[in-house]
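Reminder, nothing fancy here: chain letters follow the sequence lines and each chain counts from 1. Computed from heavy atoms alone, side chains included, the values below leave out hydrogens, waters and symmetry copies.
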Amino acid sequence: MLNPLLAQFVAEARDLLQSANEAVLALEQQPNDGAAIAALFRAVHTLKGNAGLFDFPRLIRVLHTLEDLLETARRGELPLSPTITDAILAALDAVGAVVTGVARSGTEPDLDLEPVVASLTEWARNQCPPASETVIGQDTLRADEHVGPLNIPESVRLAVFREAPDDQPLHWVTYQPPETAFFQGDDPFWIARHSPGLLWGTVHTPNERPLPDLFDPYRCVLRFEMLVAASPADLEDHFQYVRDQVRWTPLNRWALVMPSGIPDAGAVAGPFLVAAREALDRKDLSRLTQLSVERRTQLSEDSWQASVLRWIEAVANSPHPHEEVLANLLESFARGSVFIPTGSPRLDPDVPAGDDGISTAIARDGSPEMGPGPTSRPTAPGEAGQPYASPGWLRVDSVKVDRLVELVGELVVAHNALPYLIQRLEATPDTGRLARAFKSQYDLLHRLTEALQDAVLQLRMTPLATIFQRFPRLVRDLSRRLNKPVDFIVRGEETEIDRHTAEQLAEPLVHLLRNSLDHGIEPPAERRAAGKPERGRLTLTAHKVGDQIVIEVADDGRGIDPQRVRRRALERGLAEAEYLDRLSDHEVLDFIFRPGFSTAEAVTELSGRGVGMDVVRHRVEQVGGQVTLDSTVGAGTRVRLALPVTMVVQHVLAVEAGGQVFGIPLEWVVETVRIAPDRIRVIKRQPTVTLRGRLTPVTALTQALGQESTPLPNAAGEYAVLVVRQGPAQVGFMVDGFRGTMDVIVKPFPQWLSDVAVYDGTAVLGDGTVMLVINPKELMRCLSPSKTG
Amino acid sequence: MPIAFQDRLAVFHEVVEAIDAEPLWAWMVQGPAQVDLRTCTHLHAAVLQVLLAARPGIVAWPDDPELRQWMDWIGIPEADEGGRIRP
């Protein structure tokens, strides 16, 4: 099995290649599309950064050259003609081939990428395209083609395996006509239908359903895939007029041997296995077939085990039954998990297809081995017990999980409506018993809903290890480059968090770690002089606190000098001197997160990527979290990210004010108190109240929201005050009353209202009331800074 | 005429050419549509992608075995609720 870091790299690389390919295709439509160039550049740049964590010199070289070329294009110095985009696509294909190789073997495949590099370099110099062919051979598959023959239904594969003529090699053909194909007079479907030795074929279209107005029947968006039994010469001949649109790869028939179906947990192997293994040992294949057929009648046809048996029968009765494949199939049947073949790699273009060696038919992730030949390697023995397709694991499209999460969220809200109905029943005479019955039924439903929601949210949870794993290498490299030896300590990487949140966190965390190394930790000499150990200490910890995940990045470096922060804030015009002086040292540190603030004297190569701490805060807040920072001069800095475990349902405190219901996300609420009017004192024309020894400005929520009405006191003459905190600032909002906490699904405002920043959106309550959910950060921004002390 | 339109049913005859793709799409988007492929022997790729995009209900499969085979491989669904366009 690939180590998780490499697996992550491969998965991300495939996504990035996909985005890059899409951007190139967009550029072909609109050569001057700045957004597409930027997207392409970003994808390549990120991919290069990711690849830098590993020892992939050739890959980096291609990406680096490509990045140079794109940089030129981005500056507008190189118009992207279709021939250049060809070179770019060829380079992306080459990168895809390397990634496929990495996915298979864990190491950089031995591909000659120099022609690709040369071609890109030529273009970057703004010269004529090199004459030589830059595509690295037809055996190179595009990233999206790695699925290959797995798409073929099992019945077809079985038939082909049994009946395909021996004298013609099998080929996997992909045919992607250009969008203009129809105007060139081609009928790609006719060409595909009449492929020589056609055994199977299908056509792919973009997944999204076209909008009636946007669909152009004459813009060809089809991609054909075919399985043929034909010689390369026949294929050359048939596709001669569309040669540049077609690729084919020799396919060994053993690559078709691939059971499919749903594992039947009840299918105990037992006596069948013993007898079958014995028959195989005696090379009594007809006995093996007979046993298999008998066993199969007891199984459901679409079960995994039945599929394995069908393959056993097919292989045993083929002209060249291969005992090793049979043994593997039996093993696979016994374990109820994916068939791990052994032996020599297959599909090497330089090995004649159709020979009866055994294919490494399935890589660990279930993809057939179809890559460039010389790099193929047999599946490492260590990979064997970790098949993705084993019954313990399901690979589910994340879109489906997201849909499920959304539905459960709606279910929670729908079930929240019931208490209102029960209340109404209770209030109606003579229905008390009915109300009680409803109540107990509701309690049951409530428990079930909660459990269901929890289970569904768990589906999307991923350990933080998936993002933490890349950091030790990053820290190591940086510490070497900066000549600052550090001990990097990671704790709590097993903590689970919503996958979306995890994805959003990677970049901010990289930035924080870089900052600590770059600006926090001192060079060894300076540390020695300060009486500290020469080796710095950088810790990354995660733990769960209530329903929050707290991630901390801490260093024992020089800390942040509040006086410098004050000076910088002043220089940058972020606040006035008088105000800055009033803030405590701790409070002033919060300026680091303001846009336009940077403590680094010079933008360094490491940290200065235009990503500041303001972006860190923004990212974290986007996923519903908060960032805080503590620093002691000479002792170090600690940045704390508090994140919700899941993102879907928001816990809000519902309050009433001015006859309306508002929701405030609970994570912002410090406390709710009732305050007699005589406790409110006016300081500098600002009504203020002392809460737990802390002066807290208070203001009516309706006023803060620009409404007229004033808060209503309760019978005892007290005002309900909601205390909200952001960073060091704390404000009390007077409301008419509290309606308790609840879980709601916040629906963002429609586009045309989206500049109403003070609200996050709306939520429909059980009784049909629409609640406006306040964005406390924006609300506090509306108040003048002097009120948020 | 390779396509005969009968109310909401399009009957394909023999070879349906690229030129028919546009009127076919224009007709498909007007509402639920059904297609009869029985006597069709080939349809141009442009027409094929209209079928794939609009997903009309197929009320009769081609008699031509090869074309029928491709329809199976591609997984064109049988008529269900009469076919419809869901943009």
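Across A:I191, A:V156, A:V203, the residue that shares the most heavy-atom pairs under 4.5 angstrom with chain B is A:V203.
With a threshold of 4.5 angstrom between heavy atoms, B:L67 approaches chain A through its backbone and through its side chain. Only the side chain of B:L48 comes within contact range of chain A, judged by heavy atoms closer than 4.5 Å. For a residue to count as touching a neighbouring chain, one of its non-hydrogen atoms must lie under 4.5 Å from one of that chain's; by this rule A:L198 touches chain B with the side chain only. Residue contact with chain B, scored on non-hydrogen atoms closer than 4.5 Å, is absent for A:A181.
For the residue pair B:W73 / B:Q69, a side-chain donor-acceptor distance below 3.5 Å is found, with atom types taken as modelled. For the 3.5 Å distance criterion, the side chains of A:D187 and B:H42 qualify, holding a donor opposite an acceptor. Donor-acceptor pairing under 3.5 Å is lacking for the side chains of A:E236 and A:Q240.
In this structure the side chain of B:L43 never reaches within 4.5 angstrom of the side chain of B:W70, judged on heavy atoms.
Results of the ring-ring contact (aromatic ring centres under 6.0 Å, His included) test with B:H44 over A:F182, A:F189, A:W190 single out A:F182 as the only residue that passes.
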